[in-house]
Structure formats: C-alpha cells, structure tokens
Amino acid sequence: MSNSKATLPVAEPYPLSTLRHSVSHLMASAVAKLHPGVQFGFGPAIEHGFYYDFDLSEPLNESDLRKIEKEMERQAKRSQPLTKITVTRAAAKERLAAKGQHYKIEAVDLIPEGEDITFYSHGDWEDLCEGPHVDTLTRPFAFKLLSVAGAYWRGDEKRPMMQRVYGTAFWTQAELDAHLKWLEDVKQRDHRKLGSELDLFSTHGEVGGGFIFWHPNLAAVRRCIEEFWWEEHTRRGYKPVYTPHVSREQLFSISGHLEKYSEMMYAPMEIEEQPYRIKPMNCPGHIMIYKTRGRSYRELPLRWAELGTVYRYERSGVLHGMLRVRGFTQDDAHIFCTPEQLASEIAGVVDLVTKILSAFGYEYTAYLATRPEQSIGEEDVWTLAIKALEEAARMSKLPLTLDEGGGAFYGPKIDFKVKDALGREWQNSTIQCDFNLPQRFDLTFTDHDGKQKRPIMVHRAILGSMERFVGGLIEHFGGKFPLWCAPVQVALVPIREEHAEYCKKLELELQSDLFRVDAMLDPGHMNNKIKEAQKAHIPFTLVAGDREAADGTVAVRRRGTREQEVMPFTQFLALIRDLRARKALDLGEKALAR
RNA sequence: GCCAGCGUAGCUCAAUUGGCAGAGCACCUGAUUUGUAAUCAGGCGGUUGCGGGUUCAAGUCCCGCCGCUGGCUCCA
C-alpha cells in the first residue's frame with residue numbers, strides 16, 4: 001500500500017515513530033467509518049510499527065484488514081491535517097461520553113494531574129491522545145496492516161479482551177518492502193519450520209505440548225555445545241554435580257518455591273503417603289550437597305555446575321516451539337562464596353558469558369538490575385552486591401545499562417541480551433546474587449576467625465536453557481550451523497556406484513577423526529545427492545569419481561556455492577580440523593581461495 | 001488461561017452449493033551407472049486431529065475435547 005503524492009513536502013522532519021502513531025490514528029478513523037459503534041482502546045507506535053485496540057462486536061479477519069487498508073488510503077488521499085486541541089479534564093470526559101467511548105474516559109483518569117489533556121483530529125474523527133503527530137496525512141508514506149490478535153484492556157487479564165490490529169508504516173514503499181522481506185526472512189528461519197525440514201526436533205499431541213524430542217540431528221548440535229560448555233567450565237574451576245528430578249515437597253517449602261512459585265509447579269504426587277514434587281529449579285539440590293558437612297572459608301568459592309532438567313507448568317497459550325516449553329534443561333551453576341569473593345567470582349562469570357556467546361557470533365548488551373520494591377535482605381548487603389556487580393563489570397570492561405528496580409526479590413543481577421543475525425534480541429544469560437536461599441537453608445561456613453558466617457550464593461546461566469538457546473540458534477544460523485556443531489559436517493557423494501568403496505574409506509577416516517559424515521552410497525544419481533546435501537545445509541560436500549579415487553583427492557563443494565575445488569583429502573582434513581578447532585563461524589572460504 | 005484462526009497421506013497442498021478423498025515430494029520395488037541442485041516406470045500410503053450431533057449423505061454444518069498458529073497475560 002502506498003500513498004505517494006509527488007508534490008508534497010518531504011517527510012523527514014518527523015521521526016518514524018511519529019508517522020506510525022499518526023497512521024494508527026488513520027487506521028482507527030477507517031475502522032470507525034467501517035464499523036460504527038467501535039470502542040477505542042490504546043493505539044501507540046511500537047518497535048516495528050504500530051497497533052490499535054478496538055472493541056467490536058464482530059471479529060476482524062484478514063479480509064477486513066484489506067478493507068480497512070482501502071479505507072485508510074481513501075481517507076489519506078483527501079486533505080487531512082492533524083490538529084490538536086487542549087481541553088479540561090471535565091471537557092475531555094464530556095466529549096468522550098458524547099461518543100460513548102468508555103475506555104477512553106477511563107484513559108483520561110490515567111493522565112496525571114497537571115498534564116495537558118489533548119485531542120488530535122483529522123477529518124471528522126478525533127481521539128484523546130498526547131501526540132505528537134505529523135502535520136498532515138497527505139505526506140507520502142507506505143503502510144500495511146499485518147495481523148489481528150486479542151489483547152486485554154490495559155493488559156489486565158481480568159478486564160475485557162479487545163481486538164488489536166498490528167500494522168507498520170514507513171516513509172517510502174521501498175523501506176516497507178524491505179521490512180516485509182525481513183518479516184519473510186524471519187518466517188523462513190523459524191526454528192519450528194526448520195525443525196521439521198531439517199529433521200531437528202518434534203513435539204507430539206499424545207505427549208502433550210511443550211515437551212521437546214531432540215532428533216539425532218539436533219542432539220548432535222546440543223552435544224557439541226555441551227562439550228564446549230563443559231570444557232570452558234572445567235577451565236574455570238567448575239565441578240559437575242548431578243541431582244534428582246523429584247524430591248519431597250518439604251524441600252520446596254524450605255526453599256520458598258512452594259509459596260512464591262507454586263503456580264509454576266506441577267501438582268504433588270504421592271509416594272508412601274508423602275507428597276513429592278518434580279523440581280522446577282536446581283538450586284535446592286545443590287544446597288543439599290553444600291549442607292552435607294561443615295564448610296570452611298578455605299574451600300570457598302565452590303562452583304557447582306549441572307545441566308539440570310526442570311519442569312514448569314506454562315499455560316497452554318504461551319507454549320512456542322522450543323522457545324517456551326514445559327520441560328527444559330538449564331545450564332545451571334551455583335557459586336557459594338564469601339562477600340569478599342563476590343566481585344571476582346562475578347567477573348569470572350562475565351568472562352565465561354562473553355566467551356560462550358561470542359563463539360556463536362552473538363553481540364550482547366548487559367543490564368544491571370537493582371533492588372525492586374518487593375524484596376528481602378538488609379540494605380547493606382544489597383549495596384555490597386550491587387557494588388560487586390559493578391566492580392566485576394569494570395574488571396571485565398563490560399558496559400552496564402541500568403535496569404532500575406529490575407532485580408529479583410532476593411538480590412540484584414546482571415542480565416545479558418544477545419542480538420541475533422536478524423537483529424532480534426534474546427535474553428538468555430543471567431548472573432544473580434542471592435541472599436535469600438543461604439538464609440532459608442541456614443548455610444554457613446567457618447571463617448578464619450572461627451566464626452560461623454553466611455555465604456552468598458550466585459545463580460548463573462549462560463545459555464539459559466538448552467531448548468531456548470538452541471531454538472534461537474537455529475534461527476540465528478538459519479539452519480546453517482558452523483562446521484564445529486553442524487549435525488552432519490561432511491557429505492560424501494560417489495559419482496558412480498564403483499566409487500562407493502573410495503567414499504567408504506573416506507567415511508571411515510573422517511569418522512575415526514570424530515567427524516559426522518553422511519556417506520550417500522545408496523544407488524541414485526549424484527545430482528540428486530548433491531541436492532539433498534545442499535538442502536540439508538551440510539557444510540561440505542565431497543564428490544569423488546575416477547580421478548579422485550586414483551589421486552587420493554576430493555572435489556570439495558562448500559555449502560551455498562556451486563564451485564568446486566579439487567584437493568588432496570589430507571588437505572581437506574587439515575582444513576576441517578582447523579575450522580573445528582577454532583570453532584570458525586565461516587567455512588574457510590579464504591583458505592580455500594588460496 | 002483468554003481472543004481470533006487453523007488441523008486432509010511422513011511433508012507441502014487440492015477436493016464447486018454438503019454428493020465416489022486427490023496431486024507433488026518422501027518412502028518401497030525395478031530399470032538406469034551418471035562429473036556438481038531433482039533419471040524413468042511401477043507400488044505403498046487416509047476411520048480427513050479425537051468424540052458426539054444434524055442429514056438420505058459430512059473433509060465441508062453444529063457442540064465438546066486435544067494439538068497448533070498470531071497475540072494478550074506470564075516466563076529460562
């Protein structure tokens with residue numbers, strides 16, 4: 001959809017968000033025209049566009065959106081200055097009452113005392129709105145309505161549900177087209193789509209939603225990540241622990257989860273007349289190990305790590321592929337340390353986070369989340385912990401963005417947001433100080449003065465959960481995993497059946513070097529096998545015929561290209577060993593070109 | 001959980017107002033022996049998500065449940 005008027009002034013003086021806000025007004029006026037009696041909610045600009053909430057007796061569908069777009073175009077073509085008036089509180093309510101806009105009347109009461117109450121109008125439609133807006137809708141711009149979904153009035157699930165129409169707008173058609181192409185790209189890379197296309201994972205109706213089955217291909221990816229994860233942890237003095245999945249309910253009543261978290265926990269099961277629960281968290285288990293004997297300051301810090309699978313009840317409507325599930329494995333670890341050790345321990349975690357996130361080519365931003373209103377603990381402990389987090393960031397040269405009051409009730413934290421290949425943000429890594437659990441479980445250590453003191457506990461996860469991280473990774477790479485963690489690293493294609501023997505030999509050599517290989521030795525045409533290998537995004541396809549078998553060479557075809565380079569097999573092996581050892585994100589294009 | 005929508009072969013999708021459930025890919029069998037993205041022929045494959053109802057007749061209409069999708073709320 002575009003509304004281009006060559007003669008009109010350039011659009012640039014307004015930010016894009018202002019245009020989008022104005023286009024949401026245009027959409028509202030179009031809906032008012034097409035659906036008399038509509039009640040309006042809120043209609044702001046958002047990150048990639050805008051929305052407007054409507055209360056309508058009729059549900060809107062895709063074809064309604066097209067009709068609304070047409071009406072918007074019609075209205076935009078007429079001269080449509082957007083004008084602002086300021087009114088008193090009483091007058092505002094009166095104007096809205098006359099139109100029967102009861103949501104908007106409620107919105108008036110949300111405007112703080114002393115602020116101007118303003119209306120913006122275009123044509124014969126007006127809306128309570130603080131603005132700002134573009135001066136006229138006859139400026140050139142391009143827009144599209146994208147989807148309709150339910151949304152509670154004021155985000156409160158106890159209040160009525162309205163219909164939210166999402167759309168987007170840009171100054172030019174070209175920018176809109178680029179955005180729509182981006183949306184298409186997002187859809188193509190959807191981990192659920194790639195998950196079935198590349199035979200990565202599945203969920204099952206007979207199992208229930210939110211439980212992930214990792215197929216061999218994705219299990220291979222996960223194993224590589226886990227090995228990398230354990231290596232880096234071992235280097236930093238972490239020790240693996242294993243804890244049970246089920247425990248007496250009592251454990252979670254001591255930890256406080258039962259009280260604070262019971263909505264997320266599965267119902268108790270009865271074993272010999274005792275209630276037991278499936279764990280929603282790993283921390284109480286690690287604490288049990290800590291408590292088995294007296295602890296000395298000499299053995300702190302203790303760093304215990306576990307890829308711990310937990311189960312949490314999530315409402316059916318929130319489940320989403322691998323990103324939001326009911327059973328998941330956290331890459332969990334707990335550090336028990338003294339207050340003096342806190343800063344350097346956190347710095348160690350920051351180092352680990354940056355090491356692991358960078359290996360996947362993620363850029364990241366860190367946020368310092370401070371004390372929320374509802375929280376526990378002495379003020380000086382909070383201050384100490386926040387200082388430790390800041391100090392650690394300074395030591396690691398990590399810039400922190402302040403997230404005021406965003407901490408957990410039991411302590412402050414640093415959260416990391418990563419940006420993926422499509423520019424979307426994900427939150428996985430978190431470093432949390434906890435004063436609560438050490439107290440609840442009465443954790444102590446004997447200090448050098450012989451006194452019993454309370455350790456601080458640090459909860460931290462780098463990947464967050466294997467499910468969410470790997471799900472995000474599928475989209476980040478678009479299914480094209482770097483060699484080191486690709487499900488299948490090398491495809492072998494014999495030109496004729498008689499070359500199968502040579503390929504078999506290569507397969508065994510690669511396998512003995514722990515490479516994952518798909519030797520395509522079944523009868524069939526080589527072209528078809530090359531197609532299969534490319535569709536599966538296998539990094540390297542090796543084609544071998546008479547010449548290669550005779551010379552001990554391979555014709556190497558890199559993922560995504562049609563060119564081949566013939567090289568000795570030993571040279572190829574050296575290339576992929578190097579790529580694997582470096583965890584290279586590329587396929588050694590430069591090395592090949594040489 | 002809520003609002004809206006969807007559910008047909010392993011996958012992608014057809015099936016006119018309710019009127020004999022079909023195609024491509026995948027898979028299996030046979031033929032083909034190939035130098036860089038689809039060789040040819042044949043075959044297998046379905047209680048149309050599950051359960052009920054309306055009807056002479058239901059993939060199609062109605063009700064309930066399950067699952068999925070887009071959001072809201074919530075979250076690793």
Side-chain angles (χ1 to χ4, degrees), chain A residues 41 51 53-56 58-62 64 146-166 187 190 192-193 196-197 199 202-210 261 263-264 280-282 308-310 312-332 415 426-430 432 459 461-469 471-472 491 493-500 523-536 541-548 555-558 560-566:
Chain A
Y51 68 77
D53 289 342
F54 306 109
D55 192 349
L56 285 164
E58 293 286 310
L60 294 174
N61 58 35
E62 195 64 21
D64 291 318
L146 298 171
S147 62
V148 57
Y152 298 108
W153 166 236
R154 295 185 59 194
D156 184 342
E157 63 183 322
K158 294 191 181 63
R159 317 230 25 198
M161 181 153 285
M162 308 182 76
Q163 296 188 64
R164 175 170 297 178
V165 178
Y166 286 91
K187 218 162 115 189
D190 191 305
R192 294 164 299 183
K193 182 176 156 69
S196 53
E197 281 176 6
D199 192 13
S202 54
T203 57
H204 302 269
E206 53 271 60
V207 174
Y261 214 73
E263 278 187 11
M264 304 290 290
M281 299 272 186
N282 299 305
T309 304
V310 297
R312 299 183 188 173
Y313 167 72
E314 296 279 3
R315 303 206 281 185
S316 56
V318 310
L319 299 177
H320 183 94
M322 300 182 75
L323 301 181
R324 193 72 184 273
V325 293
R326 285 178 172 163
F328 55 94
T329 302
Q330 293 182 307
D331 67 316
D332 214 350
D415 284 333
W426 307 69
Q427 208 241 286
N428 295 301
S429 318
T430 184
Q432 308 183 354
H459 308 253
I462 318 286
L463 310 173
S465 81
M466 297 309 297
E467 285 72 10
R468 183 173 283 185
F469 186 82
V493 177
I495 286 176
R496 284 195 314 280
E497 224 167 291
E498 65 196 83
H499 306 126
H525 285 197
M526 61 173 287
N527 280 341
N528 196 39
K529 293 175 184 176
I530 290 168
K531 182 202 71 179
E532 292 299 327
Q534 293 294 317
K535 272 176 61 185
T541 303
L542 306 185
V543 179
D546 289 333
R547 298 197 292 268
E548 288 78 11
V556 178
R557 180 169 164 155
R558 224 178 334 109
T561 70
R562 303 176 90 97
E563 301 112 49
Q564 311 109 46
E565 185 181 336
V566 178

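Chain A is the first sequence line, chain B the second, and so forth, proteins listed ahead of strands; every chain is numbered from 1.
Spacing of C1' atoms, rG49(B) relative to rG42(B), comes out at 32 Å, to the nearest Å. Here the separation of rC61(B) from rC27(B), taken at their C1' atoms, is 37 Å to the nearest Å. Using C1' as the reference atom, rC44(B) and rG30(B) are 15 Å apart when rounded to the nearest Å. Using P as the reference atom, rG59(B) and rU16(B) are 12 Å apart when rounded to the nearest Å. Here, rG18(B) and rU60(B) have their P atoms 11 Å apart, quoted to the whole Å. The P atoms of rA57(B) and rG52(B) are separated by 16 Å, rounded to the nearest whole Å. Taking atom P on both nucleotides, rG64(B) is separated from rU69(B) by 22 Å, rounded to a whole Å. Taking the P atoms as reference points, rA9(B) lies 29 Å from rU55(B), given to the whole Å.
When rounded to the nearest whole Å, the span between CG of Asn528(A) and P of rA31(B) equals 18 Å. In this structure, Met526(A) atom CE and rU36(B) atom P are separated by 6 Å, rounded to whole Å. The nearest whole Å value for the distance from the CZ atom in Arg496(A) to the P atom in rU32(B) is 15 Å. As rounded to whole Å, 11 Å separates atom P of rU39(B) from atom CD1 of Ile530(A). Residue Asp546(A) contributes atom CG, which lies 15 Å from atom C1' of rU36(B) at whole-angstrom precision. Spacing between atom CG of Asn527(A) and atom P of rG35(B) amounts to 8 Å, rounded to whole angstrom units. The distance from atom NZ of Lys531(A) to atom P of rA38(B) is 8 Å, rounded to the nearest whole Å. Separating the NZ atom of Lys535(A) from the P atom of rU12(B) is a distance of 13 Å, rounded to the nearest angstrom.
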> What string of B, S and - do you get for nucleotides 69-76 of chain B, 5' to 3', if B is base contact, S is sugar-phosphate-only contact and - is no contact with any protein heavy atom under 4.0 Å?
Replying inline: SBBBBBBB
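Tyr152(A) pairs in a side-chain contact (heavy atoms from CB on, under 4.5 Å) with only one of the listed residues (Lys158(A), Met161(A), Arg164(A)), which is Met161(A). Residue Gln330(A) forms a side-chain contact (heavy atoms from CB on, under 4.5 Å) with just one option from Thr309(A), Ile462(A), Leu463(A), Asn282(A), and that option is Asn282(A).
Checking side-chain atoms of Gln163(A) against main-chain N and O of Leu60(A) turns up a donor-acceptor pair under 3.5 Å.
Looking only at side-chain heavy atoms (C-beta outward), Gln564(A) and Val543(A) stay at 4.5 Å or farther from each other. Side chains of Val148(A) and Val165(A) form a contact here, defined as non-hydrogen atoms less than 4.5 Å apart. Between Arg312(A) and Phe328(A) the shortest side-chain heavy-atom distance falls below 4.5 Å.
Residue contacts for Gly209(A): at a heavy-atom cut-off of 4.0 Å it reaches the sugar-phosphate backbone alone, with no base atom in range.
Contact annotation: side chain of His525(A) to base of rU33(B), donor-acceptor pair absent below 3.5 Å.
Closest heavy-atom contact between Val493(A) and Thr541(A): CG2-CG2, 3.9 Å. Counting all heavy atoms, side chain and backbone alike, Ser202(A) lies closest to His204(A) at OG-NE2, 2.9 Å. The two residues Glu314(A) and Leu319(A) come nearest to each other via the heavy atoms CB-CD2, 3.9 Å. Across all non-hydrogen atoms, the minimal contact from Leu323(A) to Arg468(A) is O-NE, 2.9 Å. In plain terms, the two heavy atoms of Asp64(A) and Pro59(A) that are nearest each other are OD2-O, 3.7 Å. Among all heavy-atom pairs drawn from Gly464(A) and Asp331(A), the shortest one is N-OD1, 2.9 Å.
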Write out a two-atom table: protein N or O, nucleotide N or O from nucleotides 7-10 of chain B, distance below 3.5 Å.
none

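With hydrogens and angles left out, the side-chain atoms of Glu563(A) and Thr561(A) include no donor and acceptor closer than 3.5 Å.
Between Tyr313(A) and Thr561(A), it is Tyr313(A) whose nearest contact on RNA chain B lies nearer the 5' terminus.
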> Given pairs defined as Watson-Crick or G-U wobble with both distances under 3.5 Å, what dot-bracket annotation applies to RNA chain B, with ( ) intrastrand, [ ] crossing, | other strand and . unpaired?
Replying inline: (((((((..((((.....[..)))).(((((.......))))).....(((((..]....))))))))))))....
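Distances shorter than 4.0 Å separate some side-chain N or O of Arg562(A) from OP1 or OP2 on rA37(B).
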